Amino acid sequence: EDDITSGDPVQVVVNLEREIDEDEITDEEMKDLGTVSAPLFPQEKKEGWWVVIGDTSSNTLHALKRVSLAQKQKVVLEFLAPDEAGDYNLTLFCMSDSYLGCDQEYQVPVSVAAGGSDDDDSEGSSD
């Protein structure tokens, strides 16, 4: 875990993995992983997952990404640390666009230290 200062870029790496017993699944079923049973949909529908990180206490969205998941997927969410130093309890949501009842959420504690003062602007303008 690296030190995070206000305004720094932050990366959150999320590893998604579908729980399956590979001994009990056929090759045909393995090929169809991620295909949604949607008989009224006009074409084949693949499931999608929204991976979202935000601060529920301030209703702030920090990053979101839509991914498809066959068996395993690595997702990198990038955002800027909050401008104010302090401890933040962010929430990571994994939400399906196809199925009800399988959404998940996880707490992601982040400590943001005060950033150093940037005097870069004033250095070049000395008379």
Side-chain angles (χ1 to χ4, degrees):
E1 185 174 298
D2 296 331
D3 291 335
I4 300 171
T5 57
S6 57
D8 277 355
V10 178
Q11 281 191 344
V12 176
V13 179
V14 180
N15 290 306
L16 302 173
E17 184 173 353
R18 184 185 305 271
E19 284 187 23
I20 56 173
D21 189 353
E22 294 179 16
D23 296 335
E24 296 181 9
I25 191 168
T26 66
D27 289 340
E28 184 67 27
E29 291 171 326
M30 189 69 102
K31 182 179 74 80
D32 288 338
L33 280 178
T35 301
V36 176
S37 174
L40 300 179
F41 204 73
Q43 63 219 24
E44 182 179 80
K45 168 77 171 103
K46 293 288 189 177
E47 67 185 25
W49 289 88
W50 289 94
V51 183
V52 180
I53 192 163
D55 188 345
T56 56
S57 64
S58 63
N59 279 342
T60 304
L61 176 67
H62 290 289
L64 71 112
K65 201 169 269 192
R66 185 178 184 276
V67 297
S68 57
L69 175 65
Q71 190 172 359
K72 293 181 183 181
Q73 178 75 33
K74 180 179 177 180
V75 181
V76 179
L77 298 172
E78 298 179 11
F79 60 95
L80 294 178
D83 290 332
E84 294 183 24
D87 293 329
Y88 294 87
N89 196 21
L90 304 181
T91 305
L92 174 75
F93 297 94
C94 297
M95 299 178 287
S96 172
D97 72 354
S98 303
Y99 298 112
L100 294 173
C102 59
D103 298 347
Q104 298 183 24
E105 64 181 74
Y106 301 93
Q107 299 304 310
V108 181
V110 175
S111 293
V112 178
S117 60
D118 289 342
D119 293 320
D120 294 340
D121 295 336
S122 61
E123 286 177 13
S125 62
S126 60
D127 291 324

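If you're wondering where the values come from, they're calculated on a predicted model, not measured in any experiment.
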Working note: Cys102 + Trp49, criterion side chain to side chain contact (heavy atoms under 4.5 Å, CB included); need CA distance, chi angles, decisive distance, verdict.
CA-CA 10 Å; Cys102 59; Trp49 289 88; 3.6 Å; yes
Residues Trp50 and Arg66: closest non-hydrogen pair is CZ2-CD, 3.5 Å
Between Lys72 (side chain) and Asn15 (backbone), is there a donor-acceptor pair under 3.5 Å? no
Val36 and Lys46 have their tightest heavy-atom pair at CG2-C, 4.0 Å
One should read off an interatomic distance between Thr60 OG1 and Tyr88 OH, to the nearest 0.5 angstrom, of 9.0 Å
### Message
With a 3.5 Å distance limit and no angle check, can you tell me whether Asp103 reaches the backbone of Ser96 through a side-chain donor-acceptor pair?
### Response
yes
message: Just checking Glu84: does its CD atom have more than 12 heavy atoms from other residues, nucleotides or ligands closer to it than 6.0 angstrom?
response: no
d(Thr91 OG1, Asp55 CG) to nearest 0.5 Å is 7.0 Å
Here the pair of heavy atoms bringing Leu92 nearest to Val108 is CB-CG2, 3.9 Å
Closest non-hydrogen contact found for Ser6 with Asp83 is CB-O, 3.1 Å
In short, Asp8 meets Asp3 closest at the heavy-atom pair OD2-O, 4.4 Å
Salt bridge (Lys or Arg N to Asp or Glu O under 4.0 Å) filter on Lys45, not counting sequence neighbours, yields Asp97
Quiz prompt | Val52-Leu90 co-clustered via ILVMFWY side chain contacts under 4.5 Å | solution = no
Rounded to the nearest 0.5 angstrom, the OG1-CZ distance for Thr56 and Phe93 is 6.0 Å
Applying side chain to side chain contact (heavy atoms under 4.5 Å, CB included), run through Val12 and Val110 and close with a yes or a no. CA-CA 11 Å; Val12 176; Val110 175; over 6 Å; no
Note to self: Taking Ile4 as the starting point, is it possible to reach Leu80 by hopping between hydrophobic residues whose side chains are less than 4.5 Å apart?
What the structure shows: no
In terms of heavy-atom contacts, Ala113 and Ala85 come closest through C-CB, 3.7 Å
Any side-chain donor paired with an acceptor under 3.5 Å for Asp87 and Ser111?
yes
Rounded to the nearest 0.5 angstrom, the NZ-CD distance for Lys65 and Gln73 is 9.5 Å
Notebook entry, point to check: Would Val76 end up clustered with Val10 when hydrophobic side chains under 4.5 Å apart are linked, directly or stepwise?
Noted result: no
Value for CD (Gln107) from CG (Asn89), rounded to nearest 0.5 Å, stands at 4.5 Å
### Task
Test Leu77 against Gln11 for side chain to side chain contact (heavy atoms under 4.5 Å, CB included), laying out the working first.
CA-CA 6 Å; Leu77 298 172; Gln11 281 191 344; over 6 Å; no
